[in-house]
Amino acid sequence: MTQTSKSSKAKRGLSLLAGLGLALAASQPALAQTGKTYAFPGIPDNSVEKFGGPQGVHNWVESLFYYIMLDNRINWIFSEFGNVERQIMLNTQLEQMVLGGNVEYQGASMAAAHADLGITMGQFNAVVEAAYSACERVHTPYHTCNQLIAALAPFTFDIVTR
Amino acid sequence: MTGFREGSLRRWLGGAAVSAALLASTSASAEWFNSDKVFLTGGVVTTDGSGGGGITPWATISGYGTRDGINGGLHYTWVYLPDYTLNSYGVTVGFFDRLELSYTNSVLPTGGTFDTVGLAVSALGGAGTGIEPWNTTIKMDVFGAKLRLFGDAVYNSHSLIPQVAIGGFYKKNRNAALLETLQAADDTDWEAYVSATKIFFPVSTLINVTARYTSANQIGLTGFGGPDGNDKEVRLEGSIAYLLNKQFAIGGEYQQHGDNLDNKSVKLGALDLTGLTGLLGGLGNSLTQLEESDWYDLFFAYAPSKNFSMTFAYAMLGNITLTPDQSGFYLSLHATF
Ligand code: HEM
């Protein structure tokens, strides 16, 4: 998971341009967020399918943000610095991709997107709790949910910066 | 929760020497308090009082504190065996997901064979053996410290590197007379261990491996070393836990034990009865200690909330001093803040 942090500032500026965000981010240089995550002993190939396909992953991301925005520990970060609609769209791509789906992720690298947010371990864990709640909400079984947790876990080291 | 400014203060505190935090811990404010780990990732508490499984310490720091705060817990453990009941209670405190300090008091009333031996010993006019009929109790204080060296048991799923910690216990057994009778070399000693712990999310399984440098007999409940001296050795332990869902885990554990007191007689007063046990007829076998067994357990942990977990286990502890087949029920309650 090596990323170039030099694009961090540019990224940050870009993401603020919510309307143009997608088009501009898509034109960014190659990012490390490409392809399925390697996690020992391996994420099964049918994981996207088990999540209910692209629509199922989208539903999961929708409920993820529902729980995030209800969590008073972290919702203010997203209100202040985020763009929930755009993040739902980009996370739907990212989650499929890291689970092995044949989808291109068009957003910023995890390091770049979160570099200036000063996210703590506790805030990251709050998002993980929202992730499990979201799995329950969309009836994705716990063990399938853990494939996604395995796929996203390594981003911790890019996202948590304090 | 907290603004960025407060956040950087906490970061500074986390980065500062943990000893500074320790000195100031009496004035720990709400800002230092932290309970933001994910469900069950704080583990439960071992019979030695450290964060881990039921008998084996893990590399995880007990409690729900992240690297930004302090968290702790209280626990009570009850093990109900045919001839013994272990009651232990204690406290653990985790500092910045880096250092764990613990204290546990274990009380082990014995029954069965110890009563028989106690009666016989009284009849023979023995005194000061530490074995009294109906009333033989072993008490032990265990002080523990653990330092996480590197790794992340939870989030490092893309590599095989586990979370690794080193730790130690200082154990003080308070029934010195009984330990002398059992021919243990010491009633007070230390142990050191290194633990490696990792969760494999794709298979929802946690694996822990521990190597402990120790000379303990029955984790120190029957002292340290034997008549041939008190030499430490490395013994292996392991835990495997399968996460059924975010609140339930099932698993098993193994703990290698030593042989310091195997086939040793009990020593009554100044008299070693190794050659005499035959004269005591039916009691003879009762006076020779059995070969100490390795410990096993099968457990089931349930955390109804972040503040409370219960661990139920079937503990298979085998031969304990004079008594065989010590298998029984284990219950541990752990409250965190
Ligand atoms: C594994 C966990 C996480 C994943 C997969 C993730 C994913 C993403 C993605 C895909 C974006 C959009 C990037 C872009 O706009 O190009 C994003 C942005 C953002 N994320 Fe996360 N994120 C995670 C954890 C967190 C956490 C823990 C927080 C805060 C508590 C957070 C807060 C934000 C915010 C505020 C933005 C918007 C940044 C901006 O537009 O400048 N994220 N994240």
Side-chain angles (χ1 to χ4, degrees), chain A residues 1-2 32 36-45 47 50 71-77 80-81 98-100 116-133 135-136 140-162, chain B residues 1-15 31-42 61 64-71 96-98 151-162 198-207 242-249 306:
Chain A
M1 293 295 149
T2 47
K36 185 175 173 180
T37 303
Y38 169 78
F40 190 83
I43 294 167
D45 289 334
S47 294
K50 285 223 167 168
D71 187 336
N72 295 330
R73 297 174 295 178
I74 49 172
N75 50 13
W76 60 273
I77 304 174
E80 217 167 304
F81 304 103
V98 295
L99 284 173
D116 300 334
L117 296 171
I119 294 170
T120 67
M121 203 66 216
Q123 289 162 348
F124 187 89
N125 290 340
V127 169
V128 173
E129 286 173 8
Y132 278 118
S133 299
C135 280
E136 285 168 12
T140 292
Y142 175 75
H143 293 120
T144 304
C145 199
N146 273 349
Q147 307 304 340
L148 183 56
I149 298 295
L152 294 175
F155 292 143
T156 315
F157 308 99
D158 294 333
I159 292 171
V160 178
T161 51
R162 57 174 68 204
Chain B
M1 188 173 62
T2 48
F4 286 129
R5 199 137 16 108
E6 288 166 337
S8 59
L9 172 62
R10 287 184 303 149
R11 175 179 158 80
W12 181 84
L13 290 170
E31 203 168 321
W32 294 30
F33 171 79
N34 184 298
S35 60
D36 292 336
K37 261 187 208 162
V38 179
F39 235 88
L40 266 183
T41 55
I61 300 298
Y64 281 103
T66 67
R67 59 170 87 153
D68 297 317
I70 297 174
N71 195 258
F96 306 105
D97 205 26
R98 175 63 66 189
D152 186 318
V154 179
Y155 289 126
N156 221 341
S157 63
H158 60 310
S159 89
L160 280 175
I161 299 171
K198 193 168 178 63
I199 298 179
F200 297 94
F201 276 113
V203 287
S204 301
T205 299
L206 177 148
I207 294 177
Y242 179 67
L243 306 165
L244 288 170
N245 66 29
K246 68 181 186 184
Q247 287 172 292
F248 286 92
K306 259 193 178 181

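Quick note on labels: first sequence line is chain A, next is B, and so on, each numbered from 1. Predicted, not measured: the structure shown is a model, and the values here were computed from it.
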key: Spacing of OG belonging to B:S157 relative to CG belonging to A:N146, to within rounding of 0.5 Å   = 10.0 Å
task = Report the option among A:P44, A:A150, A:G42 that has the most heavy-atom pairs separated by less than 4.5 Å from atoms of chain B.
result = A:A150
task = Go through the steps for B:N156 and A:F157 under the test side chain to side chain contact (heavy atoms under 4.5 Å, CB included), then give the verdict.
result = CA-CA 9 Å; B:N156 221 341; A:F157 308 99; 4.0 Å; yes
remark   = When every non-hydrogen atom of A:M121 is compared with those of B:T66, the smallest separation belongs to CB-CB, 4.0 Å
request  = Side chain from CB out, backbone as N, CA, C, O: work out which of these in B:Y242 comes under 4.5 Å of a heavy atom of chain A, or both, or neither.
outcome  = side chain
inquiry  = Between B:R67 and A:T120 (side chain of the first, backbone of the second, donor and acceptor by atom type, cut-off under 3.5 Å), is there such a pair?
reply    = no
request  = Would you name the heavy atoms of B:K246 and A:Y142 that are closest together and state the gap between them?
outcome  = N-CE1, 3.4 Å
request  = Pick whichever of B:V154, B:L244, B:V203, B:D152 has the most heavy-atom pairs under 4.5 Å with chain A.
outcome  = B:L244
key: Atom NZ of A:K36 with >12 non-hydrogen neighbours under 6.0 angstrom   = yes
B:Y155 and A:N125 side chains, donor-acceptor separation under 3.5 Å = yes
task = Can you measure from CG (B:N245) to OH (A:Y132) and round to the nearest 0.5 angstrom?
result = 10.0 Å
key: Taking every non-hydrogen atom, the tightest pair across B:P202 and A:Q147   = O-NE2, 2.9 Å
key: B:I199 side, atom CD1; A:I149 side, atom CD1 - distance, nearest 0.5 Å   = 11.0 Å
